[in-house]
Amino acid sequence: MATKIRLSKSTVTPEDKAAVMAVLDSEYLGIGEQVRLFETQLQTILGTDKTAVAFNSGTAALHVALLALGIGPGDEVLVPTLTFVASFQAISATGATPIACDICPDTLFIDLEDAQTRLTPNTKAIMAVHYASDSQGMPGVYAFAQKNRLRVIEDAAHSFGSVRNGKRIGVEGDIICFSFDGIKNITCGEGGALLTSDAEVLALAKDCRLLGVEKDTEARYAKQRSWNFDVKHQGFRFHMSNINAALGSGQLARLDAIISTRASIAMRYLAAFKSHENIHCLKLDYDHIAPHIFVIRVPAAKRDALKDYLAQHDIESGIHYYPNHLLSKYHTSYSLPQAEEIFPQILTLPCHLDLTPGDQTRVIDCVFDFFRIL
Ligand SMILES: *Cc1c(COP(=O)(O)O)cnc(C)c1O
């Protein structure tokens, strides 16, 4: 029996485990020195002048980014429909309304022509998603935002370690949010971070993750706690723990190797499927991204059968994503034709650090066999 090939997974080394054990031994498990170090390391590795604030999830980072911009009930935020429901939940958690927008067929990035038609006097921000790690469309998003006086939140959950315009994601832009959940490019177990150079957003975000207790981050990093404090805003229990940060620091130290392994998996899929009549790859900037997921497009009538065929051969695959505007909570009165045409065609193939060349051959052969036989 061949072993099961997973779609995605965490990879935890003995060094990562030792780093986590050291925190457990220290018996300072909450937010403290390791979180401070992780944030500093993030800034250094990305080569950014922005400040990083760590959270217990990427969703929390997105949620707090919006709150720190003063976004709430009555406000609207433009967001592509083809994203993890986390993007939508982060917006609706503030009381604002996510306005689902269509996507570009080649990149599955937000379609700004469609977004243009959805502007109202209540539109406050645009949340652009770096779908499958690509963000070539961001300069267009910033021009659009400037013209329409919107703030920009980059949902960079897929793109940690990727490069745009010669710089790592997190160097340029308004507010950038990463996820470090179990299957992202680097993992903290669960975790996320927000990066910005907006001092007001930073101060609010730091307090917000610690129940709104003013300057509590500074106290915790000095190994103290705030006993006399004020709270002016709604806060949440959203900070990262030392345990999660220690795992993340170990992963960060290997970032270059992680990126090159992921990139070579994507390159091999690209080369294999290049001239296949039924399989289309996305037109992404594969030379500069750290691929989180590898997505192909196949004829809609065959997608589910291909997914089942792979499953029969012990190969997991995924669908990123079911369009959010078709979910009950976010259902729109309008249709988004490109997303609706494309989502039945997309399939995500295994991409993770423990996918061996032999495993990948099995995946590629299985996809080819399917189209030969069926
Ligand atoms: C993973 C992800 C998030 C949320 O991150 P969590 O850390 O899982 O909360 C947000 N947006 C996208 C596109 C994601 O893939």
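Both ligands and their constituent atoms are indexed starting at 1 by order of listing. In this text, all values refer to a predicted model and were calculated from it rather than measured experimentally.
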Anything under 3.5 Å between an N or O on ligand 1 and a protein N or O? List each pair with its distance, or write none.
residue: ligand 1; atom: 5 (O); partner: S179; partner atom: OG; Å: 3.2
residue: ligand 1; atom: 7 (O); partner: G58; partner atom: N; Å: 2.7
residue: ligand 1; atom: 7 (O); partner: S179; partner atom: OG; Å: 2.7
residue: ligand 1; atom: 8 (O); partner: D181; partner atom: OD2; Å: 2.6
residue: ligand 1; atom: 9 (O); partner: G58; partner atom: N; Å: 3.3
residue: ligand 1; atom: 9 (O); partner: T59; partner atom: N; Å: 2.9
residue: ligand 1; atom: 9 (O); partner: T59; partner atom: OG1; Å: 2.5
residue: ligand 1; atom: 11 (N); partner: D155; partner atom: OD1; Å: 3.3
residue: ligand 1; atom: 11 (N); partner: D155; partner atom: OD2; Å: 2.7
residue: ligand 1; atom: 15 (O); partner: H158; partner atom: NE2; Å: 3.0
residue: ligand 1; atom: 15 (O); partner: K184; partner atom: NZ; Å: 3.1
residue: ligand 1; atom: 15 (O); partner: Y321; partner atom: OH; Å: 3.4

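- Every ring pair (Phe, Tyr, Trp, His ring centres under 6.0 Å) that F160 has, sequence neighbours left out, goes to F178, F180.
- Side chains of R209 and T217: a donor-acceptor N/O pair is present below 3.5 angstrom, by distance only.
- With sequence neighbours excluded, the residues that form a ring pair (Phe, Tyr, Trp, His ring centres under 6.0 Å) with Y330 are F88.
- The side-chain contact (heavy atoms from CB on, under 4.5 Å) search around A52 returns E39, L42, Q43, L195, not counting sequence neighbours.
- Of the possible donor and acceptor atoms, one in the side chain of N242 sits under 3.5 Å from a partner among the backbone N and O of G30.
- Using a 30° and 60° split on the angle between ring planes, H63 and F238 fall in the perpendicular class, above 60°.
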